[in-house]
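Below: one structure, written as structure tokens.
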Amino acid sequence: MVYQPPAGARDLLPLDVAQKHWLEERLQQVFHRWGYHRIITSTLERLDTLMAGGAITRSTVIQLQHLDDEPLGLRPELTASIARAAVTRMASRTYPQRLYYNANVFRRSQEGDYTRQQEFYQAGVELLGIGGLLADAEVLMLLMDCLHHLHLPGHLVLGEAGLTRSLLSIFPDPLCAKVRHAISTLDRIALETMELSDDLRDRALTLLDLRGKPSDVLQNVSQLPLNSTQQDSVRNLKSLIELLQDSQTDVPIVLDLSLIRTFDYYTGIVFEVVTSSASSGQTLIGQGGRYDQLLGLYHPQGESLPGIGFSLQLEELHQILLSLGQLPTQDPTSDWLVVSETSQTHAIAFTHAQKLRDSSALVRVEMDLSGNDHDQIREYARSRRIPHIAWIESDGSAAIERVN
Amino acid sequence: MLTVAIPKGALLKDSIQLLSAVGLDFSAFLEPGNRQLQITDPTETAKALLVRNSDVPVYVEYGQAQLGIVGYDVLREKAPNVAHLVDLRFGSCRMSVAVKAASPYRSSLELPLHGRVASKFVHCARKYFEHLDLPVEIVPLYGSVELGPITGMSEAIVDLVATGNTLRENGLIEIDVLFQSTARLIAHPLSYRLNTDALNAYVEHIRSQIKDAIAA
């Protein structure tokens, strides 16, 4: 029989790995330069840990049964795990904590999904224990720096979930959730046909359209009747956008106050980063936001702590960078092929190979294991693009041959 | 370049007429003997893809088309992640439950427990009967659904009804309506948020065309 991988599973072969590594290496460099430290959390979590924040539903988690009947799940994202680890295991440390991750995540494929992929890779950061303008700006600029180092043109779609939620509070209760759902899914027709007074309908449609050039959107939102908290949010948003624009980031920003989820997870800014390519159109490559209520859920004393972060979708980035021709197209090749000519020279050949490997720069050396004749060995070296052969002859000397 | 996914079949003519009213001429799709699946309008500002009704949201969800025209029935059935922008008012029909005229059933609730319901719209049908809390077996079919009750394979069908002629000619009657459907303008959410290729101007233009048509 043929053993197939499970539906939706993918193997990464050496070339895929070399490309993935190229990408991860660059992101990691950026994270390090901004003073972030890598954290590795458990792939398996208790289901209640994963779902505590309200953004994850049970049906999307691949579940496992633990021996003592505690429901466990494969993490669908990293923020819950990092929040749990940070507030319980690193509580004695001082804040802010700058953490990054590079890990696999799992999602149960849903009815209607076009792919059945279940394992994905993400890299991202979490900046914990500090709120405010500068922290928001740091995370957004770090995200833009990632794009810059990948030579990827992109757009930033920026929203403010706290402000939008507050603007939605004028809708009476059962309707509010419906209006929010329609706005978050960009369903204009639902708003037009909903049982609403004309005033409320106009307001709902205004909220749906609060999107575009930041200065225009800020002006439009300022014309709504705002309470003092909302005015503060608008002012903060204005300062943040000015700060980003003054900091010579070359990523265009679309301010979009209709960018909100159907659940209360994000409390402040929310954002998506989109890149466009001729072949695949607009692609979402990363997203994030501020979540000032989340850490408190995991804190043993319920102490609330601010947090903000983003995740980048490595598969999407991989595809786009590949189509732009930025990724390596070949596995690294060996620099040397060492051939032992006689049965008496094996030890000398291994020693010679080791000497080559021990050089201070990375030198890749492989031993000939075939025992084939010279022409076959040369053919092998050529096909593997190995530039040098060292023939270890019966007197123990090494004859160097360049392969062309 | 702005790309619009246009459905083959019943909605094609109205779709092309609407797009030409906003300055995008894809009438080449209507020429007899046309075999092209992708054309660019004469002013080279937009491209159109000719696809099956149920494939329109797929192209739009993947972002290969930024705009699409599709029946609400397809949106209900597939629940794609797309922006629902304008009710285009044409292509009116309804999703209905129908049974053999000779059967005793006159409403969905009278259907027998664990009876069979044949449909191309499996998701809509399942949702509807779940909502009624009536356990039935949904039998997926891909066409000529009317044969379900005629042959006795199923008690009822859930299908789109426009004039009701097909039902009548096959001795079936409508007993309940799930929802009314018309053609909708949909957009790729990210492209809509970013206003890619000045997409919003076209959306507004189409919206005002529909408004004018209603006023007239």
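Both backbone and side-chain heavy atoms feed into the values below; hydrogens, waters and symmetry mates do not. Just so we're clear, the structure is a prediction, and the values are computed from it rather than from any experiment. Throughout, a chain's letter reflects where its sequence line sits, starting with A, and its residues are numbered from 1.
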Crowded around [X] [atom1]? As in, over 12 foreign heavy atoms under 6.0 Å?
{"X": "B:Arg106", "atom1": "CZ", "value": "yes"}
{"X": "A:Asp198", "atom1": "CG", "value": "no"}
{"X": "B:Arg116", "atom1": "CZ", "value": "no"}
{"X": "A:Glu195", "atom1": "CD", "value": "no"}
{"X": "B:Tyr59", "atom1": "OH", "value": "no"}
{"X": "B:Asn165", "atom1": "CG", "value": "yes"}

[X] versus chain B, the contacting section by heavy-atom distance below 4.5 Å:
{"X": "A:Thr283", "result": "backbone"}
{"X": "A:Asp256", "result": "side chain"}
{"X": "A:Leu259", "result": "both"}

Item to check | Engaged part of B:Tyr72 at the chain A interface, taking heavy atoms whose separation is under 4.5 Å | outcome: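 Contact with chain A: none, neither part.
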Which atom pair, heavy atoms only, marks the closest approach of [X] to [Y]?
{"X": "A:Gln282", "Y": "B:Ser191", "answer": "CG-OG, 3.4 Å"}
{"X": "A:Leu186", "Y": "B:Leu85", "answer": "O-CD2, 4.4 Å"}
{"X": "B:Asp87", "Y": "A:Ile189", "answer": "N-CD1, 3.6 Å"}

Next on the checklist: How long is the straight-line distance from CG of A:Asp187 back to CZ of B:Arg184, given to the nearest 0.5 Å?
Outcome noted: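 The CG atom of A:Asp187 is 8.5 Å from CZ of B:Arg184, to the nearest 0.5 Å.
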Next on the checklist: Using 0.5 Å steps for rounding, measure from the NE2 atom of B:His84 to the OG1 atom of A:Thr193.
Outcome noted: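 These two atoms lie 11.5 Å from each other.
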Checklist entry - Is there a side-chain contact between A:Arg188 and B:Arg207 (heavy atoms, below 4.5 Å)? => result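 Yes; the side chains approach each other to less than 4.5 Å.
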Checklist entry - Does the side chain of A:His155 reach to within under 4.5 Å of the side chain of B:Leu190, using non-hydrogen atoms? => result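 A:His155 vs B:Leu190: side chains apart.
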Next on the checklist: At a heavy-atom distance under 4.5 Å, which candidate from A:Gly212, A:Ser258, A:Pro252 has the highest pair count against chain B?
Outcome noted: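 Top count of heavy-atom pairs under 4.5 Å with chain B: A:Ser258.
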